[in-house]
Amino acid sequence: MENQQTKNPEYVIEMIHITKEFPGIIANDDITLQLKKGEIHALLGENGAGKSTLMSVLFGLYQPEKGEIRKNGQVVKISSPNDATALNIGMVHQHFKLIDVFTVLDNIILGAEDTRAGFLSRKAAREKVKALSDRYGLKVDLDAKVEDITVGMQQRVEILKMLYRDNDILIFDEPTAVLTPQEIDELMQIMKNLAAEGKSILFISHKLNEIMEVSDRITVLRKGKYIGTVNTADTDKQALSNMMVGRPVQLVVEKEEAHPGEVVLDVEHFTVPSRLHHRNAVNDISFQVREGEIVCIAGIDGNGQTDFIYGLTGLEKVSGGRALICGQDVTHLSVKKRGKNLSHIPEDRHKHGLVLDFTLEQNMVLERFIEPEFQHGCFIRFNAIRAYTEKLIEQFDVRSGQGPVTRVRAMSGGNQQKAIVARELDRDKKLIIAVQPTRGLDVGAIENIHRMLVEQRDAGKAVLLVSLELEEVMSLSDRILVMYEGEIVGELNPKETNVQELGLYMTGAKRQNRQEGSDHHE
Amino acid sequence: MIIMNKEPFFQRDGVRTLMASLISILIGMLSGVIVIVIVGLTNDSISTGGIWDGIRMVFLGVFNKGRDAATGALTFGFNPAFMGNMLFRAMPLILTGLSVAVAYKTGLFNIGAPGQYLAGTCATLFLALSIPTSSIPAWMVWLIAFLGGMLAGALWGCIPGLLKSLLNINEVIACIMTNWLAACLVTWFFDMSSLKNVLEGTKTGYIYKTSTVIHDVIVDGVRTVAGANVPEGATVLATRGGVATSRMGLDTVFRGSQVNGGIVIAILLAVLFYIIMEKTTLGYQLKACGSNRYAAKYAGIQDRRNIVLSMAMAGAMAGTAGSLYALSGNTEFFWTTYQSLPAVGFTGIAVALLAVNNPIGVIFSGIFMSYLNINGQQLTNLTAYNEYITDVIIAVIVYLSAFSLIIKTWLGRKAKKRKAAGVSADRKGEVRG
């Protein structure tokens with residue numbers, strides 16, 4: 001039935017019945033995606049649904065086993081990213097591809113430079129970039145170095161890169177993951193401007209709010225299969241999440257009133273030096289987390305949250321202050337000794353959380369392999385590890401190609417994260433530090449992890465959450481601490497505040513005098 | 001909920017790795033054959049029969065029994081002397097290969113095996129030759145010398161390990177520097193010592209044999225050193241040397257060869273390291289550090305300690321190689337090492353590479369390297385060709401080993417294609433989650 005439609009030239013890009021297989025997995029199973037000229041088309045799906053694979057097929061990184069791609073009704077073959085560029089397809093990757101020490105202008109023209117007698121000529125390029133930037137409202141400082149500008153501006157540079165190359169099909173791969181609420185609003189406006197000017201946009205996301213706000217049509221994938229395409233005007237968030245997950249999903253975290261008990265974590269005048277500059281990354285912060293509550297550290301990425309967690313968990317040295325966990329001073333203890341009362345879901349699952357070349361079962365006992373349950377006289381008890389892993393897989397619904405013996409590298413990001421969460425929560429420690437535990441996860445997985453964290457809280461654990469997602473901060477936490485430039489600038493009650501106020505604290509526009517250690521915060 | 005499909009034999013990771021190594025060997029051997037043919041065809045003095053002899057010798061040199069006295073044709077069969085020598089020469093190669101492989105599992109490239117080998121040799125010779133066998137039984141001196149060599153290698157390996165873990169200095173640079181430090185120090189130590197060979201003064205350079213029994217004697221009031229035959233009327237002050245590894249009966253099987261119990265020790269150590277690496281928590285920690293040092297640190301594994309430990313174990317293996325070679329009793333050590341490093345240390349890299357850093361694989365690749373070595377020697381002795389042809393083969397194999405991942409991927413793709421053609425219909429039914 002769709003084949004009749006495909007001849008229709010109203011579509012600029014059509015991906016017809018695309019099937020892409022990997023060993024053991026059909027990543028894209030007969031998927032059809034049609035992009036109209038001038039529309040914002042959202043591609044929605046859980047992790048591992050096949051969104052990235054489909055975009056990689058469009059961008060020429062993978063060759064599909066079946067199906068064809070058409071541009072303006074003509075069948076085209078895209079066998080490399082160069083082919084995609086030649087067809088005016090551009091992509092903003094989730095992790096920007098910019099050279100930090102180059103200026104904005106140089107980054108934009110890199111690879112498409114004008115030269116005169118072999119020398120770089122920036123004049124015409126500057127005019128063109130300026131014109132584009134005015135036309136679409138993309139404010140950038142052309143002469144600033146990329147390392148000095150904000151993440152939001154870096155993203156605008158990426159967009160200008162595509163426009164400079166006259167791309168008219170723009171792919172945005174999870175563009176809002178790294179932005180502040182204000183920057184997200186700006187991006188939404190930019191995307192609308194681009195579409196109004198006739199650019200066609202493919203917007204990959206699993207954030208329903210943004211998709212509802214900005215898109216015209218939505219295509220939903222689930223587990224590699226095509227579920228359907230709907231008009232945004234005819235649907236709502238609940239219907240979309242049900243399509244995406246395949247079952248009714250709870251979008252709001254349901255939790256009872258917190259009943260804080262004994263102090264579990266007591267941080268006093270904590271100071272961590274920065275590895276980048278001479279100032280302290282974390283400067284003299286003090287707070288407490290009690291059992292039975294979820295305390296969230298909110299803030300824009302790079303304001304000392306990461307350094308604070310490194311200092312608290314022993315990955316970095318602390319230069320001042322102290323931290324007590326369950327009354328024990330852990331400031332200078334080894335990582336292993338801190339682990340007695342502490343479990344840690346790390347921010348960077350690839351760097352700290354997992355040994356990617358190990359199997360799932362080897363990763364599941366990363367901290368526990370030394371316990372008598374898993375070794376006997378230094379010899380690993382393989383059967384015990386296998387049984388334990390199978391238990392966790394079952395309990396936390398960790399999916400992988402070959403079960404316990406799957407190389408973790410081969411697992412999807414969401415399932416890697418689930419494996420870490422399973423491992424850390426099952427260690428059953430008094431204090432749980434969760435740093436961006438739902439980063440890059442889909443609605444279904446987020447719902448699960450949120451539910452588990454609330455369960456841990458209700459079981460009397462103290463939960464310290466670090467999150468950049470405001471929605472998560474607002475819905476999950478019992479208290480919010482806002483961090484700005486290495487200091488805690490505000491303590492808020494999520495019931496009495498809103499996203500806008502939080503945003504003001506996060507950007508340093510507002511600041512509170514806090515009671516604890518207030519003599520040090522003017 | 002998860003469908004566990006047992007992979008077919010040729011799809012398994014280990015099998016594909018093994019196949020990739022075997023293919024490297026095959027291509028290397030074929031290149032050797034091609035070189036032999038080209039040299040033979042372009043050289044007037046080599047006949048077709050000569051080319052055929054060369055080819056046979058490359059593959060079967062270990063099994064040759066010399067030329068038939070009557071016809072002059074090569075004869076082949078079980079040759080205990082060559083077989084034994086092959087095992088004897090494999091011994092240090094297995095150990096240095098093990099040294100490189102063990103460090104690699106922890107993510108370290110131990111290019112310092114030559115220096116650790118020298119440290120082991122030096123310590124062993126000093127202990128074996130200076131502890132009087134007249135006061136301590138020879139087997140105990142052997143044990144002390146053996147363990148001393150192992151320890152010296154371990155300590156020498158510790159240096160780059162410590163530099164890496166404490167100051168984050170690249171272990172490759174530190175290893176290269178410790179290699180030459182060892183080379184110069186060993187020369188200096190022997191030069192200062194009283195262990196220089198005075199028995200075989202006709203030879204150029206100073207050589208020592210541990211099997212030689214030496215007596216410190218006083219003849220006519222003058223203190224001197226004598227060999228096995230004590231001069232008449234001399235007073236024996238002490239007896240040294242005569243400390244060699246037990247032959248463990250291998251000399252009766254491989255008659256006329258240099259082989260001794262060292263090869264057994266080397267194989268046992270390889271098996272031991274396999275067990276440590278695959279079955280114990282220590283191996284788990286080392287591999288975790290090697291694969292992802294940050295994750296290891298996050299999990300409370302002491303990454304710094306493990307790096308030092310790994311280099312110490314690697315150094316101990318290279319030291320053992322030097323120690324056992326020196327303790328063979330029938331080998332010679334030219335102690336003026338300051339100009340060149342022992343090649344066996346570097347060959348260890350090739351051995352480990354060919355074995356894909358698997359300790360058990362190292363046993364076979366070590367034996368294979370020494371098999372090529374003997375073949376090359378026989379090529380020089382009995383044909384118009386010389387041993388450098390086997391060096392070409394080794395070079396090609398090492399080169400291809402570096403590509404083994406590509407060969408492995410290629411093998412995987414081939415198998416998949418075959419499977420896709422046959423059972424593509426079944427794959428539709430595959431369920432995820």
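Only this structure's heavy atoms are used, side chains among them; waters, hydrogens and symmetry mates stay out. By convention in this document, chain letters (A, B, ...) are assigned in the order of the sequence lines, proteins followed by strands, and residues within each chain are numbered from 1.
- Closest heavy-atom contact between B:Tyr284 and A:Leu366: OH-CA, 3.3 Å.
- Below 30°, between 30° and 60°, or above 60°: for A:His352 and B:Tyr294 the angle between ring planes is above 60°, a perpendicular geometry.
- Summarising the geometry of B:Tyr298 relative to A:Pro346, their closest heavy-atom pair is OH-CD, 3.6 Å, with the distance given to 0.1 Å.
- The nearest pair of heavy atoms linking A:His350 to B:Asn292 is O-ND2, 3.1 Å.
- If you measure heavy-atom distances from A:Phe369 to chain B, the contacts under 4.5 Å come from both the backbone and the side chain.
- Put simply, of A:Arg423, A:His376, A:Arg338, the one with the most heavy-atom pairs under 4.5 Å next to chain B is A:Arg423.
- Heavy-atom pairs under 4.5 Å with chain B peak, among A:Thr313, A:Ile370, A:Leu315, at A:Leu315.
- More than 12 heavy atoms of other shown residues, nucleotides or ligands fall within 6.0 angstrom of atom NZ in A:Lys391.
- Neither the backbone nor the side chain of B:Gln302 has a heavy atom closer than 4.5 Å to any heavy atom of chain A.
- Separating the NZ atom in A:Lys351 from the NZ atom in B:Lys297 is a distance of 9.0 Å, to the nearest 0.5 Å.
- In this structure, chain A has no heavy atom under 4.5 Å from any part of B:Ile276.
- Within 6.0 Å of atom CZ in A:Phe358, more than 12 heavy atoms from other residues, nucleotides or ligands are found, so the atom counts as buried in its surroundings.
- In this structure, A:Val355 and B:Ser291 approach most closely via the heavy-atom pair CG1-CB, 3.2 Å.
- The cationic group of B:Lys279 lies under 6.0 Å from the six-membered ring centre of A:Phe382 and within 45° of the ring axis, placing it in a cation-pi geometry.
- The environment of B:Tyr104 atom OH is sparse: at most 12 non-hydrogen atoms of other residues, nucleotides or ligands sit within 6.0 angstrom.
- Within 6.0 Å of atom CZ in B:Phe364, 12 or fewer heavy atoms from other residues, nucleotides or ligands are found, so the atom counts as exposed in its surroundings.
- The choice from A:Asp348, A:Thr406, A:Val365, A:Leu356 that makes the most heavy-atom pairs within less than 4.5 Å of chain B is A:Val365.
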